[in-house]
Amino acid sequence: MSKGPEMEEQQFIESLKVEIDRMDSACREEYSPSLAAFEALASHTQLRTLRKRRREFALFLMIAFLLVSGIFLTAWNRPGLLLLIHGLSMLAGAVVLTIDLRARESRDRHE
């Protein structure tokens with residue numbers, strides 16, 4: 001009686017081994033592109049990256065030109081508004097600097 005379950009276990013193990021070998025053979029069939037395909041992919045990627053950088057740089061220049069021209073037009077037409085903006089930005093910088101220095105002093109006291 002004890003040989004019956006052992007025989008079934010052996011058959012089950014053998015069938016598992018056969019299935020595992022079948023799966024291994026299916027996974028080994030990988031496609032490996034040639035060196036020429038890799039070189040073509042690398043050159044295409046490099047060209048695409050170069051084009052993307054050029055577009056981003058052109059967009060940056062256009063936005064920078066619009067901002068600078070807007071500031072110059074404001075300075076030309078309404079110099080008081082420009083001085084107000086500069087004054088407020090300097091005041092905001094002084095407030096941020098003061099807050100940062102106080103935070104550092106309190107942090108140094110607690111250490």
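Within the model, atoms CG of L66 and CG of L61 stand 11.0 Å from one another, a figure rounded to the nearest 0.5 Å. Within the model, atoms CG of L16 and CD of E9 stand 11.5 Å from one another, a figure rounded to the nearest 0.5 Å. Distance check, rounded to the nearest 0.5 Å: CZ of R48 to CG of L41 gives 8.0 Å. Separating the CZ atom in F65 from the CZ atom in F60 is a distance of 14.0 Å, to the nearest 0.5 Å. Rounding to the nearest 0.5 Å places CZ of F72 at 10.0 Å from CG of L82. Taken to the nearest 0.5 Å, the CZ atom of R51 stands 8.5 Å off from the CZ atom of R55.
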Stepwise, does the salt bridge (Lys or Arg N to Asp or Glu O under 4.0 Å) test hold for R22 with E19?
CA-CA 5 Å; R22 188 182 63 81; E19 287 297 317; 3.0 Å; yes

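Note: the hydrophobic cluster containing M62 also contains L67 (ILVMFWY, side chain heavy atoms under 4.5 Å, direct or indirect links).
Ion pairing of D108 with R104 is absent here, as no side-chain N (NZ or NE/NH1/NH2) approaches a carboxylate O to less than 4.0 Å.
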